[in-house]
Amino acid sequence: MTQTRIALSALVAVVLSIGLAHATGGISGRVTSAQDGSGLAAEVNLLDPNGAWLQSAFCDVQGNYEISDLEAGDYLAAAFVPSLPDYVH
């Protein structure tokens with residue numbers, strides 16, 4: 001059995017706007033192969049700290065993803081790679 005590792009990087013940014021009742025921001029990053037650094041076609045699921053699903057995003061061909069309109073807080077991001085169905089990171 002060949003095991004493939006992927007890397008999931010996330011950049012969290014909170015954007016403050018005057019006149020808004022609360023701050024919103026987003027998470028973006030890139031899902032890559034740990035073997036060669038190439039981008040992977042993946043689905044990134046955003047979860048709350050208890051593991052409840054909140055949103056999903058699909059990576060582009062370079063492995064980049066973005067999830068927006070998030071309130072400030074803690075989140076977990078899990079990447080599912082269809083070409084590696086047994087692998088979630």
Side-chain angles (χ1 to χ4, degrees):
M1 174 186 215
T2 302
Q3 190 175 50
T4 302
R5 293 180 179 229
I6 61 172
L8 174 66
S9 60
L11 172 65
V12 179
V14 176
V15 178
L16 300 175
S17 297
I18 297 174
L20 289 179
H22 54 82
T24 61
I27 296 173
S28 62
R30 187 168 185 238
V31 179
T32 59
S33 167
Q35 293 175 327
D36 62 11
S38 62
L40 296 174
E43 176 183 2
V44 178
N45 292 296
L46 191 66
L47 313 171
D48 71 13
N50 297 316
W53 178 88
L54 299 171
Q55 292 187 49
S56 293
F58 290 94
C59 295
D60 63 17
V61 294
Q62 287 86 30
N64 300 308
Y65 68 92
E66 183 175 343
I67 300 173
S68 58
D69 297 325
L70 300 173
E71 293 187 19
D74 295 324
Y75 299 94
L76 303 171
F80 171 72
V81 182
S83 62
L84 307 168
D86 295 330
Y87 193 87
V88 175
H89 181 72

Residues passing the side chain to side chain contact (heavy atoms under 4.5 Å, CB included) test with Leu76, sequence neighbours excluded, are Leu47
So, using side chain to side chain contact (heavy atoms under 4.5 Å, CB included) as the criterion, who are the partners of Ser68 when residues are at least two apart?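 Applying side chain to side chain contact (heavy atoms under 4.5 Å, CB included) to Ser68 gives none.
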Considering all heavy atoms of both residues, which atom of [X] and which atom of [Y] are nearest to each other, and what is their separation?
{"X": "Ile67", "Y": "Ala57", "value": "CG1-CB, 3.6 Å"}
{"X": "Val31", "Y": "Cys59", "value": "CG2-SG, 3.7 Å"}
{"X": "Ser56", "Y": "Glu43", "value": "OG-OE2, 3.4 Å"}
{"X": "Gln62", "Y": "Arg30", "value": "O-NE, 2.7 Å"}
{"X": "Asp69", "Y": "Gln55", "value": "O-NE2, 4.3 Å"}

Atom pair CH2/CG of Trp53 and Asn45 - distance to nearest 0.5 Å: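 Reported to 0.5 Å precision, the distance equals 7.5 Å.
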Answer whether the closest heavy-atom distance between the side chains of Leu46 and Leu70 falls below 4.5 Å. yes
Can any side-chain N or O of Asn50 pair as donor or acceptor with the backbone N or O of Ala52 at less than 3.5 Å? no
Taking ILVMFWY side chains as joined if any heavy atoms are under 4.5 angstrom apart, and letting links pass through other members, which residues group with Val61?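 None, because no other hydrophobic side chain comes under 4.5 Å of this residue.
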